[in-house]
Protein chains: 2
Amino acid sequence: MTLPPAKKRPTINDVARVAGVSRGTVSRVLTGGHWVSPDASAAVTAAIAETGYRVNPHARSLATSKANSVAFLLTESYERLFDDPNFATLLRGASTALAKSDIPLVLLMAGNEAEQRRATEFITGGHVDGVLLVSSHQGKQDFLPEISKAGVPAISCGIPLGFERKIGYVSADDFAGAQEMVRYLQSLGRSRIATIAGPQDTSGGLTRLRGYRDEMGDDVVESRIAYGDYGLASGERAMHELLERDPDIDAVFVGNDLMARGAITAIQSTGRRVPEDIAVGGFDDSPAALDGTPTITTMRQPFERISQEMVRLLLAAIDGEATAAMTIPTQLVRRESA
Amino acid sequence: MTLPPAKKRPTINDVARVAGVSRGTVSRVLTGGHWVSPDASAAVTAAIAETGYRVNPHARSLATSKANSVAFLLTESYERLFDDPNFATLLRGASTALAKSDIPLVLLMAGNEAEQRRATEFITGGHVDGVLLVSSHQGKQDFLPEISKAGVPAISCGIPLGFERKIGYVSADDFAGAQEMVRYLQSLGRSRIATIAGPQDTSGGLTRLRGYRDEMGDDVVESRIAYGDYGLASGERAMHELLERDPDIDAVFVGNDLMARGAITAIQSTGRRVPEDIAVGGFDDSPAALDGTPTITTMRQPFERISQEMVRLLLAAIDGEATAAMTIPTQLVRRESA
DNA sequence: CTGAAAGCGCTTACAG
DNA sequence: CTGAAAGCGCTTACAG
């Protein structure tokens, strides 16, 4: 009445028997083939093919105490994940880069506190060798101390505020990027340049605003600074605010493209033209910069590159190298809005 | 010169020693606490807290030959993943449902053939206990035979064409949904109802067209059937086609909301009004149905529910229950376009 | 270059 | 209810 006994998966013992060598030798060819004679190696290879042997990942992990996997920890709501194409680009880039080393990506979504606790448990529990940290809001990073304490290698996307020394990171050069955008707007002859800054608990939001202030120098007018949450609607709202406080604004540097798109809507709704009356510069070079009229002049964040470097640094950290930090330049992309 | 020896993680032996019991007893409380006296149980619990013990997942997996994780295999390009909010909803739903059982989701993206091979290796290699299959294009599912043969439990989102009997699935009722939409358009007094069907190598594309044909019965006019790829642009193109072939169309049932949005653009570009001149019915109830003017009347696919049921069925299959299939009704959502 | 052996940290019949 | 023991499938010094 029972099913025929499921044929057991072949183990390293079966391979050894078929190849006529010891288990140790099989293991050696499995783990790189060093210190194995060509003959033995060939016999083992043939035996593996013949038996259809596949290494048991759990046994290997137990013996080596390496998980051979890496987590992608996203501390954002799911809405944001799929709203913000930056996350998508990072996820793809990381997954692709990891695939080259044959390392699977375990996606951990931790939008709320319960999920974060679970994710921390998982990460510090030995399931993965390292973690790619992706989240903008630093306020949400209560788990950083634990991960850092547990000694699990981690690389953050963007500066992990408060943990710059303990956790490696890869960040776009927000400061220089913001400066460059302001200079560009100035080069267009604009002088009353406002800004819509992103959330001030994010390194990007903070640093881009700092870059703006730095470049504006004595021309900074506090009433020309407004804040948003990186969402479309917040950009629209902030722009209205700015225009009420100072109708003479002739340019605005917006902390990301999505808010810039919202800002353009607000500007146009007052009968002003972009870029003739008000030039708009964004940040990211996300699809939002292209979807709509006019297209948005922006500072491109090289997310493919960033994700690759994150993987490279993480793998290095897992191999025992000291954690490193890296800043990657942004690039001005001129389009219609400025 | 070397770091102080990293304190080794406590093992079950340490707990046993501290608790004054045997390893077996510790394991018993770890695995459910059956057949353990209250005293022993309390001692073990205390010892676990004292030592900070955490179970080693690899050792446990080796001993039980269960991975305690599940894969989410997405055979779509990354573009589609983040274009199509349905995937996002599924991913979130599955992740959340799985979290309740404390089972992590391993995200496997396999857009091209190389990635699919890698993913198949991974899945059949024993890394996961089961897999959630998400992809629309059945043409891309060359790995289905392998997974099925390897005996790894799998549940598909949508009918796995050609594997209906071997792989469980959860699907929205595309046939009845399409019928209902056609009936609804008819109830509006429309009689020259065209359709833009999705890809015919997807169960949704196929079945919704079948539902349309069935409900239209003798009123089917082949020139009123066009095809798209579920993308915005394809809907626009297909609608232009339809209008050229038959300018008198007074309604159109579109295979998904994204194409419906494109179709509306096409209709409006010819000077016709939606819904006055042509009523448009979509499918999915995705954000595309809301983003734009007019909002789209559509058949809602309950993706949260679908993902939950997928997880439930998969967990059951992992527990040895026979694979099951499940069809979930869609729901008409009336908005402005029809 | 190769084999024998110990060890990775757990679980699970088996006796008792 | 509990302990001793075998076993899960690999890797890795250690001798040779």
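The chains referred to below are lettered A, B, ... by the order of the sequence lines, with proteins before strands, and numbering in each begins at 1.
The backbone N or O of Gly125(B) sits less than 3.5 Å from a side-chain atom of Arg9(A), completing a donor-acceptor pair. Side chain of Ser65(B) to main chain of Leu62(B): no donor-acceptor pair is present (N/O by atom type, distance under 3.5 Å, no hydrogens or angles).
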* Given the rule that a pair is Watson-Crick or G-U wobble with both distances under 3.5 Å, how would you write DNA chain D in dot-bracket, using | for pairs to a different strand? -> |||.||||||||.|||
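Residues of residues 36-50 of chain A having a heavy atom closer than 4.0 Å to DNA chain D: none are found.
Counting heavy atoms of neighbouring residues, nucleotides and ligands inside a 6.0 Å radius, atom NZ of Lys66(A) exceeds 12 of them. Heavy atoms of other residues, nucleotides or ligands lying less than 6.0 angstrom from CD of Glu164(A) number more than 12.
Along DNA chain C, the nucleotide nearest to Thr25(B) and the one nearest to His34(A) differ in position, and the one closer to the 5' end is contacted by His34(A). When each of Gly20(B) and Val26(A) is assigned the nucleotide of DNA chain D bearing its nearest heavy atom, the one mapping closer to the 5' terminus is Gly20(B).
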Could you pull out the protein-nucleic contacts involving nucleotides 13-16 of chain C (nitrogen or oxygen on both sides, under 3.5 Å)?
unit_1: dA13(C); atom_1: N6; unit_2: Arg28(B); atom_2: NH2; d: 3.4

For nucleotides 8-10 of chain C, which of its nitrogen or oxygen atoms have a protein nitrogen or oxygen under 3.5 Å away, and what is each distance?
unit_1: dG9(C); atom_1: N2; unit_2: Ala59(B); atom_2: O; d: 3.4
unit_1: dC10(C); atom_1: OP1; unit_2: Tyr53(B); atom_2: OH; d: 2.4
unit_1: dC10(C); atom_1: OP1; unit_2: Asn56(B); atom_2: N; d: 3.1
unit_1: dC10(C); atom_1: OP2; unit_2: Ile12(B); atom_2: N; d: 2.4
unit_1: dC10(C); atom_1: N4; unit_2: Arg23(B); atom_2: NH2; d: 3.4

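Every residue was checked against the side chain to side chain donor-acceptor pair (under 3.5 Å) condition with Asn68(A), not counting sequence neighbours, and none meets it. In this structure Asp102(B) satisfies the salt bridge (charged side-chain N to carboxylate O under 4.0 Å, His left out) test together with Arg118(A), sequence neighbours excluded.
Residues Thr124(A) and Arg54(B) have side chains that bring a donor and an acceptor to within less than 3.5 angstrom of each other.
dA13(D) and dG9(D) have their P atoms separated by 23 Å, given to the nearest Å.
To the nearest 0.5 Å, the span separating OG on Ser27(A) from CD1 on Ile12(A) amounts to 4.5 Å. Going from atom CH2 of Trp35(B) over to atom OG1 of Thr25(B) covers 13.0 Å, rounded to the nearest 0.5 Å.
No option in Leu107(B), Leu105(B), Val106(B) other than Leu107(B) meets the side chain to side chain contact (heavy atoms under 4.5 Å, CB included) test with Leu107(A).
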